[in-house]
**Student:** 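Supplied in structure tokens, the structure appears directly below.
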Amino acid sequence: MQNYQNMVFSTAMRLLARRAEAEDVAQEVFLKAYERFDQLRDNPSAGGWLKTVATNLSLNHLSRYRSRWSFFSELLGSDREHDEPGEIEFPAPDNVEENLNRNERCAVVEQALQKLAPAQRVPLVLYHLEGLSYEEIAAKLDVSLGKVKTDIFRGREVLRKKLQLELGAETDVA
Amino acid sequence: MNSDYNQRLETEIDRELKKLPELTAPATLTARVMAQIEKRSVLPWYRQAWPAWPKPARVLALGAMLALFGGICFASWRLYHGPEAGLAVQTMAGWFSGLAVIWNALGVVAGAAILTLKKLGNVFLIVCLAIVAFNYFACVGLGTVAVRFALARTRRNQLQL
């Protein structure tokens, strides 16, 4: 469990963007793993299994619980940004000075990712961090392929602006 | 959309996201999982998850479920094709005959209500609708304030902890 807990928690946290919910999902993942401990103990693909279960449980959690509150959360849009104030923790670097800039940059990227709207963040995470194709994401989220592509593009644009990435003239975009 | 720009955007974002290290899981996670396992292990087998049941119990339960399902299918088939089917339909129609009276009564009440509304005029209707809309938005507003207040309190409590 010690070997995989950061990976499982990261997967849930990046999809759910809420610490308490990510912790609940991570707990559920390890309880499921415990039920299949005999099969997973010496299995080299245990990490992949845990990641898949963490992804699926996070998506289930989003579809099951978030829809009830979406109305209020839209009204309370401003609160969303204050839900997880500065709670992102990264493993301590070996050389603090050398890694300071890198860690700061990672924290900024992580914050920007977590502040994205769920409709953009979830497909973006599934595409870039979970390695799913557009078609697989559309099937998993039960939305059209066009919506997945649009949401991912918008999410990238928001991230680009927040991270101030230079990609040349934006006028290239028709 | 320009495909070259899209490609560069995808590459840049991919690079930024792939550089992210794993987040540190809360220190309490292991303790929470262990506590939950402990809690579940003291439960009797029949209150645990299906995979945790003893093998004979699982086989027995599966057999019972299949027998029940088969029984229901067979009974339904017999009921539908047997001579008792017509009698059963008649009996059931008798049970619901009372509903026809209620339906007729509702129709009369609805007719009277429509007639009354026509007499009262459009202004009355508009005022009623305005009152309903006002109440609806008042409820939504109060609900929002209540949720905001509850979230603020939760957050304050978390910060204090």
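Lettering follows sequence order; numbering is per chain, from 1.
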**Student:** If Ile, Leu, Val, Met, Phe, Trp and Tyr residues are connected whenever their side-chain heavy atoms lie under 4.5 Å apart, and connections chain through other members, are B/Phe69 and B/Phe74 in the same group?
**Tutor:**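 No; B/Phe74 is not reachable from B/Phe69 via cluster members.
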**Student:** With the 4.5 Å side-chain cut-off for hydrophobic clustering, are B/Leu125 and B/Val127 part of the same group?
**Tutor:**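 No, no single cluster joins them.
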**Student:** Is the closest side-chain heavy-atom distance between A/Gln5 and B/Pro26 below 4.5 Å?
**Tutor:**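 No, too far: nothing below the 4.5 Å cut-off.
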**Student:** Considering residues, nucleotides and ligands other than B/Trp103, do more than 12 of their heavy atoms fall under 6.0 Å from its CH2?
**Tutor:**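 Open: at most 12 neighbouring heavy atoms sit under 6.0 Å from CH2 of B/Trp103.
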**Student:** Identify the two heavy atoms, one from B/Leu17 and one from A/His128, that lie closest to each other, and give their separation to 0.1 Å.
**Tutor:**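 Smallest interatomic distance, heavy atoms only, reads CD1-CB, 3.6 Å.
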**Student:** Using salt bridge (Lys or Arg N to Asp or Glu O under 4.0 Å), reason through A/Glu35 and B/Arg40 one step at a time and then give a plain yes or no.
**Tutor:** CA-CA 11 Å; A/Glu35 287 167 9; B/Arg40 286 188 183 185; 3.3 Å; yes
**Student:** Look at the side chain of A/Asn6 and the backbone N and O of B/Ala25, then say whether any donor-acceptor pair between them is shorter than 3.5 Å.
**Tutor:**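 Yes: the side chain of A/Asn6 pairs with the backbone of B/Ala25.
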**Student:** If only side-chain N and O atoms count, and only distance matters, is there a donor-acceptor pair under 3.5 Å linking A/Tyr127 with B/Glu10?
**Tutor:**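 There is such a pair between these side chains.
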**Student:** Please report the interatomic distance CE(A/Met13) to OG1(B/Thr24), rounded to the nearest 0.5 Å.
**Tutor:**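 Rounded to the nearest 0.5 Å, the CE-OG1 separation comes to 11.5 Å.
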**Student:** Atom CG in B/Leu23, atom CD in A/Gln114: separation rounded to 0.5 Å?
**Tutor:**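 It is 6.5 Å, given to the nearest 0.5 Å.
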**Student:** Same cluster or not: are B/Leu129 and B/Ile131 linked, directly or through other Ile, Leu, Val, Met, Phe, Trp or Tyr residues, by side-chain heavy atoms under 4.5 angstrom apart?
**Tutor:**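 B/Leu129 does not cluster with B/Ile131.
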**Student:** Donor-acceptor pairs under 3.5 Å, side chain of residues 104-124 of chain B to any protein atom, not counting sequence neighbours: which ones?
**Tutor:**
unit_1   : atom_1 : unit_2   : atom_2 : d
B/Asn104 : ND2    : B/Ala100 : O      : 3.4
B/Thr116 : OG1    : B/Ala112 : O      : 2.6

**Student:** For B/Glu16 and A/Leu159, run side-chain contact (heavy atoms from CB on, under 4.5 Å): C-alpha distance rounded to whole Å, both residues' side-chain angles, the deciding distance at 0.1 Å, then the answer.
**Tutor:** CA-CA 10 Å; B/Glu16 289 287 346; A/Leu159 281 186; over 6 Å; no
**Student:** Going from CD1 on A/Ile152 to CG on B/Leu9, what distance comes out if it is rounded to the nearest 0.5 angstrom?
**Tutor:**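 Nearest 0.5 Å value for the CD1-CG distance: 11.0 Å.
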**Student:** Counting neighbours of CD on B/Glu38 that are heavy atoms of other residues, nucleotides or ligands and sit closer than 6.0 Å, is the number greater than 12?
**Tutor:**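 For B/Glu38, atom CD is not crowded (no more than 12 foreign heavy atoms under 6.0 Å).
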**Student:** Do A/Glu23 and B/Thr28 meet the criterion of a side-chain donor-acceptor pair at a distance under 3.5 Å?
**Tutor:**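 Their side chains do contain a donor-acceptor pair, which is all the 3.5 Å distance test asks for.
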**Student:** Should A/Tyr34 and B/Trp53 be regarded as members of a common hydrophobic cluster, given that ILVMFWY residues are connected when their side-chain heavy atoms come within less than 4.5 Å of each other, either directly or indirectly?
**Tutor:**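 In one cluster: no.
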**Student:** When only pairs under 4.5 Å are counted, which of B/Lys18, B/Lys19, B/Gln36, B/Gln48 shares the most heavy-atom pairs with chain A?
**Tutor:**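 Option with the top pair count is B/Gln36.
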**Student:** Are B/Met34 and B/Leu43 co-members of a hydrophobic cluster defined by side-chain heavy atoms under 4.5 Å apart?
**Tutor:**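 B/Leu43 and B/Met34: separate clusters.
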**Student:** Can you sort out the partners of A/Ala12 under side chain to side chain contact (heavy atoms under 4.5 Å, CB included), two or more places apart, ordered by chain and number?
**Tutor:**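 Partners of A/Ala12 under the side chain to side chain contact (heavy atoms under 4.5 Å, CB included) test: A/Leu16, A/Ala22, A/Val25, A/Ser58.
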**Student:** Taking the side chain as everything from C-beta on, heavy atoms only, tell me whether B/Glu22 gets closer than 4.5 Å to A/Thr11.
**Tutor:**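 Contact flag for B/Glu22/A/Thr11 side chains = no.
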**Student:** For a 4.5 angstrom cut-off between non-hydrogen side-chain atoms, does B/Leu29 reach A/Phe30?
**Tutor:**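 Yes, side chains in contact.
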**Student:** Would you call A/Arg156 and B/Glu12 a salt bridge, using N to O less than 4.0 angstrom?
**Tutor:**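 Result for this pair is no, no salt bridge flagged.
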